[in-house]
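The next block holds one structure in the form of structure tokens; read it before the comments.
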Amino acid sequence: MSIISAPRGTRDILPSESWKWSYIINQAALTMKDFGFSEIHLPIFEHTELFSRGVGETTDIVEKEMYTFNDRGGRSITLRPEATAGVMRAAIENNLCAQGSSARLWNWGPMFRHERPQKGRYRQFYQIDAECLGIANASADVDIISLSIELFRRLGLRNLEVVINSVGCEKCRPVYRKKLIEYFTAHKDSLCETCLARLDRNPLRILDCKNESCGRVADNAPDIYDSLCDECREHFAQVRLGLERLNFAYKINKRLVRGLDYYTKTAYEILSGDLGSQNAVAGGGRYDNLASAISSSKIPGVGFACGLDRVMLVMEEQGCSFGESPRVSVYAVAMDEASRGNIQTLAYELRKNNISCEYDLTGTKSFKAQMKASGSCRFACIIGSEERENNLVAIKDLNNSTQESIALSEAVNYLKTRL
Ligand code: HAM
């Protein structure tokens with residue numbers, strides 16, 4: 001292990017890439033605003049129990065992927081593997097859904113899961129997450145799904161597939177669970193070891209096993225739709241109707257159960273055809289029992305999270321636009337030693353007026369070297385002895401190499417009209 005290498009599954013987002021990330025976050029912020037979501041900032045670590053009770057003891061995340069440690073006070077702490085449980089915790093703690101009111105919250109930031117790293121899968125990865133709390137109605141599910149679709153539309157992603165399912169509720173799922181255990185027990189010989197271990201604890205997860213033999217068995221497993229209670233059936237119909245009203249293409253996949261235990265009724269994913277095996281760019285669904293799993297409150301909720309790292313990969317792959325790459329507007333150039341101080345003053349004046357400006361901080365670059373360095377900027381502002389004596393600045397347009405002499409006091413106004 002070298003300490004000069006980032007830990008496995010983590011990476012640096014360097015300046016060459018970070019401006020593209022900012023573009024995506026800005027687009028997300030605008031989309032969230034248009035859908036009436038407010039930003040919430042959450043701790044990156046929480047009490048371990050929040051996730052074991054919220055996400056579920058029998059999930060892969062809780063069983064084997066969490067970064068958990070005891071802090072110096074002996075409390076078990078976990079780096080958040082996802083944001084939903086934290087958002088719900090914050091809403092309950094801060095009474096955001098008091099007296100049946102609702103809250104629409106979004107956040108973005110790093111999540112941590114100890115998974116095997118591969119393309120599109122990291123141990124520290126980033127999510128944009130949105131949660132709609134306090135509304136049990138199917139229109140909230142449609143709102144969340146349409147929000148994620150709209151975000152991807154604005155980012156210019158193509159070749160996406162929306163896949164939805166209903167995973168039932170605490171009333172009808174036990175019936176389905178029992179049917180599944182019976183069915184899979186009869187096909188035990190064809191199941192992989194992981195699925196055999198899941199058989200009694202979490203048989204629904206067998207449905208989305210990627211193993212071919214398990215997949216064949218799962219394809220013929222009892223259909224959840226035959227077990228849904230009237231309420232879940234009606235809710236699913238309403239979600240579908242809402243999506244159709246908005247003209248969204250979607251597919252139903254009865255084997256989509258997702259890796260988190262808190263889901264009730266709607267579960268969905270958005271898949272990209274350009275990602276290989278880690279093809280989900282977003283996933284989400286309804287979680288009406290999460291609040292009661294972690295507290296004595298009852299707050300329904302529905303939300304989604306999109307994987308920023310994966311969105312980035314798809315956008316690069318598809319040649320999507322990230323807006324204009326950042327370009328510093330002005331390079332301030334000193335023609336002689338005596339002008340270096342004037343350059344510093346000019347640079348600060350421009351920056352105060354929101355005109356980005358760079359200059360030679362080493363104070364050693366020749367005039368020629370400074371002009372060369374100005375190449376990536378839009379303008380060069382040049383000061384030499386003549387300019388100093390007459391309170392002028394020479395402004396060179398680096399797009400067409402034309403140059404004008406301007407009164408120093410007019411430089412800000414001049415540049416503002418030209419930028
Ligand atoms: P999730 O499906 O576990 O759901 O994660 C959501 C998205 O995060 C995935 O679709 C994927 O794009 C990205 N993602 C997950 N794990 C990794 C990883 N190791 N590396 C890179 N990207 C990853 C949740 O986290 C739920 N909290 C979503 C939700 C919000 N449900 C309701 N509200």
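What you see is a predicted model, and the numbers here were worked out from it, not measured in a lab. Counting starts at 1 for both ligands and their atoms, in listed order.
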> When you measure from atom 31 (N) of ligand 1 to every protein heavy atom, which one gives the shortest distance, and what is it?
Replying inline: Y263 OH, 2.6 Å
> Among protein heavy atoms, which sits nearest to atom 21 (C) of ligand 1, and what does the distance come to when rounded to 0.1 Å?
Replying inline: G120 O, 3.2 Å
>> One residue to check: M111. Relative to ligand 1, which of side chain, backbone, both or neither has a non-hydrogen atom less than 4.0 Å away?
In response: neither
> When the ring centroid of Y225 is compared with that of F236, is the distance short of 6.0 Å?
Replying inline: yes
> Who's the nearest protein heavy-atom neighbour of atom 12 (O) of ligand 1, and how far?
Replying inline: A280 O, 2.8 Å
> Between R153 and E150, is the closest basic N to carboxylate O distance under 4.0 Å?
Replying inline: yes
> Between F304 and ligand 1, which part of the residue brings a heavy atom under 4.0 Å of the ligand: side chain, backbone, both or neither?
Replying inline: backbone
>> Checking contacts here: is it the side chain or the backbone of R121 that comes within 4.0 Å of ligand 1, counting heavy atoms only? Could be both or neither.
In response: both
> Looking only at side chains, do H235 and N137 share a donor and an acceptor under 3.5 Å apart?
Replying inline: no
> Could R154 and D34 be called an ion pair, given the rule that one side-chain N must be under 4.0 Å from one carboxylate O?
Replying inline: yes
>> If we set the cut-off at 4.0 Å for heavy atoms, which region of R258 has an atom near ligand 1: side chain, backbone, both, or neither?
In response: side chain
> When you check the gap from the basic side-chain N to the acidic O, do R113 and E82 get nearer than 4.0 Å?
Replying inline: no
>> Quick test of your reading of the model: are R121 and D309 salt-bridged, counting only N-O distances below 4.0 Å?
In response: no
> Where does P81 meet ligand 1, judged by heavy-atom distances below 4.0 Å: at the side chain, the backbone, both, or neither?
Replying inline: neither
>> Side chain, backbone, both or neither: which applies to Y262 and ligand 1 if a contact is any heavy-atom pair less than 4.0 Å apart?
In response: side chain
> If we only count heavy atoms from C-beta on, is the K396 to S401 side-chain gap below 4.5 Å?
Replying inline: yes
>> Pairing donors with acceptors under 3.5 angstrom, does anything connect the side chains of Y122 and E115?
In response: no
> What do the steps show when you test R258 against E269 for salt bridge (charged side-chain N to carboxylate O under 4.0 Å, His left out), and what is the final call?
Replying inline: CA-CA 9 Å; R258 315 245 318 113; E269 272 179 356; 2.9 Å; yes
> Do any N/O atoms on G307 end up under 3.5 angstrom from N/O atoms on ligand 1?
Replying inline: yes
> Is it the side chain (CB and beyond), the backbone, both or neither of E131 that lies under 4.0 Å from ligand 1, heavy atoms counted?
Replying inline: side chain
>> Counting non-hydrogen protein atoms only, what is the nearest one to atom 14 (N) of ligand 1? Give residue, atom name and distance.
In response: F125 CE1, 3.5 Å
> Can G259 be said to touch ligand 1, with heavy atoms closer than 4.0 Å?
Replying inline: no
> With a 4.0 Å heavy-atom cut-off (strictly under), which part of I61 contacts ligand 1: side chain, backbone, both or neither?
Replying inline: neither
>> Ring centroids only, cut at 6.0 angstrom: are W21 and Y126 within range, meaning strictly under it?
In response: yes
> At under 4.0 Å between heavy atoms, which part of D129 makes contact with ligand 1: side chain, backbone, both or neither?
Replying inline: side chain
